[in-house]
Novice: 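Let me begin by handing over the structure; questions about it come next.
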Amino acid sequence: MHREPVTDNRSVSPSYGESAEEARVGSEPRLLIVSNNCLSTSGSNGRTLDSFLRSYPASRIAQFFISAQTPDVATAGQYFRITDRDVLLRLVRRGPIGSVVQPQTRAAPSPSVTKRPRRTAFRMLARELLWSAAHVRGLSTFEKFVADFRPQVILVQAGDSIFMLRLALALSKAHSAPLLVYNSEDYFFKKSNYLDDRNNRASAPLYRIWHRVLRRAIRATFRHASHVFYSCSPLQQTFSDLSNAPSSVLLTSTEISPRTTTATTEAIDLVYTGNLGLGRLEALLEVASVAHDINRAAVLRIFGPPPTAAVLATLASAPAVRYCGLVDQSTVIKAITSSHLNIHVESFNPAYRAQLTHAFSTKIADYLATGTCLFAYAPPEIASTQYLKETQSAIVADSPENLRPSLQKAMREPRMRACSSARAIEVAETNHSATRNNYHFREIAIQAARGHSGSVEL
């Protein structure tokens, strides 16, 4: 339902470079984002949040993040970063840590890879203790950043960093600002170790301790929230008993325009974009092998972060596979809008399958919008598989037995691909429209601020 813009003629100082005129006419509450990753054009978490905020005035957004990244978008008017390394240094020397970060916006930002340290139960516990000892909220630099911005709404991207959840909750209470949560993960329910030391029995006791504390932090955050956004319906249903807060599904947005022509020949150019973890490599090799059997000219091009030397060797020796490396977003868009088939996979390996029930790839929205047929090879119980089947927006093989016949139809029947891609475009326009999702997020933020104070301060 459309809401009239909030007007308020009180005289206050504008924030973060906004003019007095902008401060008078704006109706959006000042939004402070608390998240691991910065807003960006690359990386699933940064892209997801950024896609919901494109129509939100940058002068009314600030972000606090902890990853060793630099934003490549000016979606927020101000960014503040404290990394794990900063916090570690604070234990050996006093003084301010963290700093304001200026976004490095370019027409085609060069992608970068930050090596992720091993996530073990011991390291996760140690990290929580480290951040707790640092007393981040007591840091003068961080306090000044927040105080100068005067947040009216807090948005936290829920993950498995306990201290970030606690920080968002504390900021919400300290500034009497409603708390919005965006959640795309089911960490709360992962009683079995999903970290990098999951095969180490000796880590089980530490994992249970850490996960118990994580569950408490998630429960407290969700119960305090004014609204929770979920990345898909199955995740919303799973969390329904945890919180009575209003919630909605906010699917990933896309601004990709569909291609104007489609291939009428047999499909031989297959494209996959993304990482190769969680068993996806094995699934991709299966797809490539079957595609090669169907047509010896078929090639699966893989775009994504560089894998290990062993994985590179595997890819180099696999028939019909070409690893194209990590490229910028414009190159990715060019690849997926010109290919014959775009490929989405998840693992059928039981060791990974149990972790992926609520998996909903951020790339789905882009794939559907391209006008290129999407072929998905993934287990039937996974959220993205269910979504693609229910919306009839992809050709889906939901078992190893179905891979060959389904892929053969996808490759050899241009009419089937055309029908599937036409339906996918409709679904993208309805469910993944950046304009609609931006409007929905903005309205929820305004309603939350109104509900807290009766009006949005300008």
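All heavy atoms count here, side chains included; hydrogens, waters and symmetry mates do not.
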Novice: Residues two or more places apart in sequence or in another chain: which of them pass ring-ring contact (aromatic ring centres under 6.0 Å, His included) with Phe188?
Specialist: none
Novice: Looking at residues at least two apart in the chain, or sitting in another chain, which of them share a salt bridge (charged side-chain N to carboxylate O under 4.0 Å, His left out) with Arg423?
Specialist: Glu426
Novice: Among residues at least two apart in sequence or on other chains, which ones pass side-chain contact (heavy atoms from CB on, under 4.5 Å) with Asp366?
Specialist: Arg47, Thr254, Ile256, Gln329, Ile336
Novice: Please table the atom pairs, donor to acceptor, closer than 3.5 Å between any side-chain atom in residues 309-322 and protein atoms at least two apart or in another chain.
Specialist:
unit_1 : atom_1 : unit_2 : atom_2 : d
Thr314 : OG1    : Ala310 : O      : 3.1
Ser317 : OG     : Ala313 : O      : 3.2
Ser317 : OG     : Thr314 : O      : 3.0

Novice: Applying ring-ring contact (aromatic ring centres under 6.0 Å, His included), name anything that partners Phe163, two or more places apart in sequence or on another chain.
Specialist: Trp131
Novice: Arg119: what forms a salt bridge (charged side-chain N to carboxylate O under 4.0 Å, His left out) with it, not counting sequence neighbours?
Specialist: Asp160
Novice: By ring-ring contact (aromatic ring centres under 6.0 Å, His included), which residues pair with Phe222, not counting sequence neighbours?
Specialist: Phe239
Novice: Lys190: which residues meet the salt bridge (charged side-chain N to carboxylate O under 4.0 Å, His left out) condition with it, sequence neighbours left out?
Specialist: Asp186
Novice: Sort and list the pairs that fulfil ring-ring contact (aromatic ring centres under 6.0 Å, His included) and have at least one residue in residues 381-421, not counting sequence neighbours.
Specialist: Phe360-Tyr387, Tyr387-His432
Novice: Which residues pass the side-chain contact (heavy atoms from CB on, under 4.5 Å) test with Ala434, sequence neighbours left out?
Specialist: Ser253, Glu255, Asn438
Novice: Under the side-chain contact (heavy atoms from CB on, under 4.5 Å) rule, collect the residues that match up with Ala168, sequence neighbours excluded.
Specialist: Val34, Ile154, Val156, Leu179
Novice: Using the ring-ring contact (aromatic ring centres under 6.0 Å, His included) criterion, which residues pair with Phe441? Sequence neighbours excluded.
Specialist: Phe229
